[in-house]
2 protein chains.
Amino acid sequence: MTHQSLHWEKEMWAAGHRVTRQRALILDAVCAADGHTSIGEVYARVRRVDTTIDRSTIYRALHLFVELELVLAADTGSGDILYEIRKLQPHHHLVCRDCGGEQEIGDAALRMMFDDVSRQHGFRVETDHLVMFGLCHECVRAREHHVVPGT
Amino acid sequence: MTHQSLHWEKEMWAAGHRVTRQRALILDAVCAADGHTSIGEVYARVRRVDTTIDRSTIYRALHLFVELELVLAADTGSGDILYEIRKLQPHHHLVCRDCGGEQEIGDAALRMMFDDVSRQHGFRVETDHLVMFGLCHECVRAREHHVVPGT
DNA sequence: CCGCTTGTCGCAAACATTGGCAGGATGAAG
DNA sequence: CTTCATCCTGCCAATGTTTGCGACAAGCGG
């Protein structure tokens, strides 16, 4: 069981929201992806179990989950927003501009940067999921091979 | 004149796109805001000059500008995407969760972090506009005053 | 188990965004 | 200046997302 089956119900309840069959299905669907997933995927996955569920319910539930921080929402730049079950420790994503590949990194490197920002600007950064774009190792090398050296 | 009036036409042309009256108006509208602005604002501003312009033209032009990196698109978390004219040097935004205020920072602190990521994960980060959430100085202090010490 | 209160769901309508197409504008060549 | 090929725009339709509302179900007290 990927998600905190025993926890999310409590958090939901503590925030004054009810635990419903639909919400459970939707959260399961997000977990089932075990990584980034889209609204469409969640909808399709939920539909396989319950064909009466409505799109608007998916939208509302996902917004709620994001608000309660049970689920992370990330804009990958390609326009559509991806959702992901929140893991216990913060992590961030590197998305390659060329191949589109994603890789996950811990937040050790970023924490130092956050501290710098805090010292220099008096701003306490609490972002726990950043998406950064760039070039992965393979694509950097691919470019170096294609680009004529010396230009 | 805020935007690089002489540059954007060249960049547009170099990328094989045409310089049209509509695109000029739309880019002007983005510049006029001189900061973050929304699609709706751009539309309203353009409409004041030319009432025949269509919404789809705004969408298409903004997408093009973002692709050419004349304009930055940022998801501030509140759901809607904000656009901003690209400045000459990269910068990033700190958005306060409590008061919603934004502050701009240079990329010195982040560049070191990018280098770390590059060394440790072989990923060359090229993101030049990050939005990070947290608490600004004032809101941190406000919280400390409200929270009963000793709990 | 039953009924009550209130939050949630499914439906449909409103609103936002994107795509196809025909006419019009742009930039280049004659 | 005129013509031409191409790209862009505006309109319309399709799609994606949000909202309002009556019916329904979750959680609570009997």
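Naming: A, B, ... by sequence-line order, numbering from 1 per chain.
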K.L.:
Rounded to whole Å, how long is the line connecting atom CD1 of A:I58 with atom P of D:dT19?
P.N.:
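The answer, rounded to whole Å, is 17 Å.
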K.L.:
When you measure only distances, ignoring hydrogens and angles, does the side chain of A:S56 come within 3.5 Å of the base of C:dC11 through a donor and an acceptor?
P.N.:
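Under the 3.5 Å cut-off, the side chain and the base do form a donor-acceptor pair.
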K.L.:
On the nucleotide D:dT18, are OP1 or OP2 found under 4.0 Å from the side-chain N or O atoms that A:H63 carries?
P.N.:
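Yes, because at least one side-chain N or O of A:H63 sits under 4.0 Å from OP1 or OP2 of D:dT18.
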K.L.:
Evaluate the criterion salt bridge (Lys or Arg N to Asp or Glu O under 4.0 Å) for residue pair B:R143 and B:E138; output intermediate values, then yes/no.
P.N.:
CA-CA 9 Å; B:R143 283 197 175 188; B:E138 287 77 20; over 6 Å; no
K.L.:
Would you say B:H17 places a side-chain N or O within less than 4.0 Å of OP1 or OP2 belonging to D:dC8?
P.N.:
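Result: yes.
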K.L.:
Specify the separation, in whole Å, of atom CE of B:M12 and atom C1' of C:dG27.
P.N.:
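Rounding to the nearest Å, CE of B:M12 and C1' of C:dG27 are 14 Å apart.
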K.L.:
Which residues in residues 42-55 of chain A have at least one heavy atom lying under 4.0 Å from any atom of DNA chain C?
P.N.:
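When residues 42-55 of chain A is checked for heavy atoms under 4.0 Å from DNA chain C, the hits, listed by number, are A:T52, A:I53, A:D54.
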K.L.:
Determine: side-chain N/O of A:T57 to OP1/OP2 of C:dT8, distance under 4.0 Å, yes or no.
P.N.:
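No.
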K.L.:
Please give the remaining members of the hydrophobic cluster of A:V140, linking ILVMFWY side chains under 4.5 Å, ordered by chain and number.
P.N.:
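A:V140 clusters with A:L135.
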K.L.:
Can you confirm if the aromatic rings of B:H129 and B:H93 lie within a centre distance of less than 6.0 Å?
P.N.:
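Yes, close enough.
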K.L.:
If you round to the nearest 0.5 Å, how far is OH of B:Y83 from CG of B:L27?
P.N.:
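Going from CG on B:L27 over to OH on B:Y83, the span is 13.5 Å.
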K.L.:
Each nucleotide N or O in nucleotides 21-25 of chain C that has a protein N or O under 3.5 Å away: list the pair and distance.
P.N.:
none

K.L.:
For A:T127 and B:R97, which heavy atoms make the closest approach, and how far apart are they?
P.N.:
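Looking at all heavy atoms of both residues, the shortest contact is N-NH2, 4.3 Å.
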K.L.:
How would you list all residue pairs meeting salt bridge (charged side-chain N to carboxylate O under 4.0 Å, His left out) that involve residues 61-70 of chain B, not counting sequence neighbours?
P.N.:
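Checked against salt bridge (charged side-chain N to carboxylate O under 4.0 Å, His left out) - neighbours excluded - the pairs reaching residues 61-70 of chain B are B:E69-B:R86.
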K.L.:
What residues form a ring pair (Phe, Tyr, Trp, His ring centres under 6.0 Å) with B:H92, not counting sequence neighbours?
P.N.:
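B:H92 satisfies ring pair (Phe, Tyr, Trp, His ring centres under 6.0 Å) with no other residue.
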K.L.:
Taking the side chain of A:R23 as its heavy atoms from C-beta onward, which of C:dT8, D:dT9, C:dG27 lies nearest to it?
P.N.:
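Closest of the options to the side chain of A:R23: C:dT8.
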K.L.:
Before giving the answer on side-chain contact (heavy atoms from CB on, under 4.5 Å), spell out for B:H121 and B:D116 the whole-Å C-alpha distance, their side-chain angles and the decisive distance to 0.1 Å.
P.N.:
CA-CA 8 Å; B:H121 303 275; B:D116 274 359; over 6 Å; no
K.L.:
Map B:W13 and B:I39 onto DNA chain C by nearest heavy atom, then report which one ends up closer to the 5' terminus.
P.N.:
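Closest to the 5' end, via its nearest nucleotide, is B:I39.
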K.L.:
Which atom pairs, donor and acceptor, lie under 3.5 Å between side-chain atoms of residues 38-51 of chain A and protein residues at least two apart or in another chain?
P.N.:
| unit_1 | atom_1 | unit_2 | atom_2 | d |
| --- | --- | --- | --- | --- |
| A:S38 | OG | A:E41 | N | 3.3 |
| A:E41 | OE1 | A:T37 | OG1 | 2.5 |
| A:Y43 | OH | A:R47 | NE | 2.9 |
| A:Y43 | OH | A:R47 | NH2 | 3.0 |
| A:R47 | NE | A:I53 | O | 3.3 |
| A:R47 | NH1 | A:T51 | O | 2.5 |
| A:R47 | NH2 | A:T51 | O | 3.4 |
| A:R47 | NH2 | A:I53 | O | 2.8 |
| A:D50 | OD1 | A:T52 | N | 2.8 |
| A:D50 | OD1 | A:T52 | OG1 | 2.8 |
| A:D50 | OD2 | A:R21 | NH1 | 2.8 |
| A:D50 | OD2 | A:R21 | NH2 | 3.3 |

K.L.:
Does a nitrogen or oxygen in the side chain of A:Y59 sit under 4.0 Å from OP1 or OP2 of D:dT18?
P.N.:
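Negative; the distance criterion is not met.
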